[in-house]
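Single-structure report; data block below.
Order of the sequence lines fixes the chain letters, A, B, ..., with proteins taken first and strands second; residue numbering starts at 1 for each chain.
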Amino acid sequence: VKIYTILVDALCKEGKVEDADGVIHFMIQRGQHPNVVTYTSLIDGYCLRGEMRKAREVFDLMGFRGLVPSVVTYNSLLNGYCKNLKIEEALLLFHEIIKKGMKPNVITYSTMLQGLFRVGRCKAACELFNEMRVHNQIPDKCTCRIVLEGLCNNNQVDEALSLFHLMGDNKLNSDIVVYNVLIDGASKNRKLDIARNLFKDLVVKGLQPNVRTYNVMVSGFCREGLMGEAKELLVEMEESGCPPD
RNA sequence: AAACGACUCC
């Protein structure tokens with residue numbers, strides 16, 4: 001079952017969901033019954049393609065077959081709803097997890113947070129962000145990135161920055177991805193001065209800008225028509241051993 | 001642990 005499941009998962013990740021479904025039928029014929037992990041992989045496959053109806057069918061089918069969805073199963077389906085902006089379904093599912101007596105984990109919360117931010121429901125997102133600590137789910141780097149990006153995408157760069165500073169002296173400060181998120185957020189909100197400061201700041205902290213950092217800065221400059229500065233950065237990329245892609 | 005969340009452009 002394990003080896004078949006690995007196959008199902010790999011096929012799903014390549015978008016070959018119908019092949020994966022075929023493998024599952026084959027498994028059943030052979031008396032090798034798919035388990036929760038197998039079905040979860042298939043659900044994730046459908047979600048990645050935005051086929052939420054099919055994903056839901058598989059989810060329900062699991063139930064009929066007497067399998068109990070795990071928190072990962074819920075997370076996969078939740079992610080599908082969030083990515084496809086079906087926020088009401090996502091919220092329903094989120095509450096269903098709790099009703100079933102399961103414990104949402106940090107990934108559940110992060111996924112839900114991202115969904116709320118994507119539809120512009122910042123207030124609800126921030127409340128959820130507070131609520132997760134109450135339930136002893138400690139936000140990790142990934143959660144923080146989602147929240148900061150969510151704020152930036154909703155024209156709340158200043159709030160994102162003060163939150164970033166509040167989060168202070170932990171691992172976030174040495175996370176280049178967080179800087180990428182903030183720099184991109186600032187420049188998209190036409191606050192290039194802030195972006196420039198963040199860029200300086202990360203260098204001061206001894207962080208190495210990566211290709212994405214530069215891409216974000218360069219497009220920021222271009223957006224404002226500052227082609228000179230954009231070119232300077234391209235040169236800097238070559239010099240610092242990080243050639244443009 | 002065989003399954004889930006994160007950064008630019010596309």
Side-chain angles (χ1 to χ4, degrees), chain A residues 1-13 17 20 23-24 27 32 34-48 55 58-59 62 67-83 90 93-94 97 102 104-118 125 128-129 132 137 139-153 160 164 171-172 175-188 195 198-199 202 207 209-223 230 233-234 237 242 244-245:
Chain A
V1 175
K2 219 175 193 173
I3 206 86
Y4 282 116
T5 301
I6 294 173
L7 180 59
V8 167
D9 183 47
L11 287 169
C12 285
K13 294 212 162 82
V17 189
V23 172
I24 288 188
M27 289 174 75
Q32 302 267 2
N35 61 21
V36 175
V37 178
T38 323
Y39 282 117
T40 300
S41 299
L42 186 63
I43 288 172
D44 193 45
Y46 280 121
C47 288
L48 290 177
V58 177
F59 183 83
M62 282 179 66
L67 295 169
V68 181
S70 73
V71 65
V72 178
T73 315
Y74 277 105
N75 289 348
S76 297
L77 193 58
L78 189 70
N79 185 234
Y81 284 132
C82 289
K83 289 274 151 64
L93 195 67
F94 184 78
I97 299 174
M102 304 196 62
N105 62 20
V106 61
I107 298 186
T108 320
Y109 280 105
S110 303
T111 306
M112 195 67 241
L113 281 168
Q114 180 164 239
L116 288 167
F117 277 120
R118 286 209 177 170
L128 189 65
F129 186 51
M132 70 184 283
Q137 293 298 323
D140 60 12
K141 263 190 202 175
C142 206
T143 319
C144 297
R145 290 166 186 163
I146 287 171
V147 171
L148 294 175
E149 185 185 15
L151 289 171
C152 289
N153 288 342
F164 175 60
K171 298 177 181 126
L172 267 192
D175 181 20
I176 187 65
V177 179
V178 165
Y179 275 98
N180 293 348
V181 165
L182 290 172
I183 292 175
D184 189 43
S187 70
K188 284 196 176 129
L198 285 164
F199 189 76
L202 75 89
L207 286 175
N210 62 20
V211 181
R212 295 202 182 174
T213 320
Y214 282 115
N215 285 348
V216 160
M217 283 301 291
V218 171
S219 24
F221 285 137
C222 292
R223 204 164 8 236
L233 260 195
L234 286 174
M237 289 178 81
C242 180
D245 59 8

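Residue contacts for Thr213(A): at a heavy-atom cut-off of 4.0 Å it reaches no nucleic acid atom on any strand shown. Val216(A) comes within 4.0 angstrom of the backbone, heavy atoms only, and of no base. In this structure, Thr38(A) reaches neither bases nor backbone, as no heavy-atom distance under 4.0 Å exists between it and the strands shown. Residue contacts for Asp140(A): at a heavy-atom cut-off of 4.0 Å it reaches a base atom on one of the strands shown. Here Val177(A) lies in heavy-atom contact (under 4.0 Å) with a base. Across all strands shown, Asp245(A) has no heavy atoms under 4.0 Å from either base or sugar-phosphate atoms.
Note: Phe59(A) CZ to Ser76(A) OG = 10.5 Å, rounded to the nearest 0.5 Å.
Evaluation of the salt bridge (charged side-chain N to carboxylate O under 4.0 Å, His left out) rule for Lys141(A) yields no partner, not counting sequence neighbours. Shown here are the ring-ring contact (aromatic ring centres under 6.0 Å, His included) partners of Phe221(A), two or more places apart in sequence or in another chain: there are none.
The CG atom of Leu11(A) sits 17 Å away from the P atom of A2(B) (whole-angstrom rounding). For Leu233(A) and U8(B), the CG to C1' distance is 14 Å, given to the nearest whole Å. With rounding to whole Å, Asp184(A) atom CG is found 6 Å from C9(B) atom P. Summarising the geometry, the separation between CG on Leu148(A) and P on U8(B) is reported as 14 Å, rounded to the nearest angstrom. Atom CG of Leu93(A) and atom P of G5(B) are 15 Å apart (whole Å). Across the protein-nucleic acid pair, Leu182(A) atom CG and U8(B) atom P stand 12 Å apart, rounded to whole Å. With rounding to whole Å, Met102(A) atom CE is found 12 Å from C4(B) atom C1'. What separates CD1 of Ile97(A) from P of G5(B) is a distance of 14 Å, to the nearest Å.
Spacing of P atoms, A1(B) relative to G5(B), comes out at 14 Å, to the nearest Å.
A donor-acceptor contact under 3.5 angstrom links the side-chain atoms of Thr143(A) to the base of G5(B). A donor N or O paired with an acceptor N or O is found under 3.5 Å between the base of A2(B) and the side-chain atoms of Asn35(A). At a cut-off of 3.5 angstrom, the base of A3(B) holds at least one donor-acceptor pair with the side chain of Ser70(A). For Ser110(A) against G5(B), a side-chain N or O and a base N or O form a donor-acceptor pair under 3.5 Å.
Contact annotation: the side chain of Leu148(A) approaches that of Phe164(A) to within less than 4.5 Å [non-hydrogen atoms, C-beta and beyond]. Residues Asn75(A) and Asn105(A) have side chains in contact (heavy-atom distance under 4.5 Å, counting atoms from C-beta outward). Looking at Phe117(A) and Asn153(A), their side chains never come closer than 4.5 Å, going by heavy atoms from C-beta outward.
Of the listed nucleotides (A3(B), C7(B), G5(B)), A3(B) has the atom at the smallest distance from the side chain of Val37(A). Nearest nucleotide to the Ile146(A) side chain, out of G5(B), C7(B), A3(B): G5(B). In the set C4(B), A3(B), C7(B), A3(B) carries the atom at the smallest distance from any side-chain atom of Ser41(A). Closest to the side chain of Asn215(A), from the set C4(B), G5(B), U8(B), is U8(B). Distance from the side chain of Glu149(A) is smallest to C7(B) among C4(B), A2(B), C7(B). Comparing A2(B), G5(B), C4(B) against the side chain of Ser76(A) picks out C4(B) as the nearest. Among the nucleotides A2(B), C4(B), G5(B), the one closest to the side chain of Val72(A) is C4(B). Side-chain atoms of Arg212(A) lie closest to U8(B) of the nucleotides G5(B), U8(B), A3(B).
Residues Ser41(A) and Thr38(A) have side chains that never bring a donor and an acceptor to within less than 3.5 angstrom of each other.
Within the structure, every side-chain polar atom (N or O) of Lys188(A) is placed at least 4.0 Å from both OP1 and OP2 of C7(B). Between Lys13(A) and C4(B) there is a side-chain polar atom (N or O) within less than 4.0 angstrom of OP1 or OP2.
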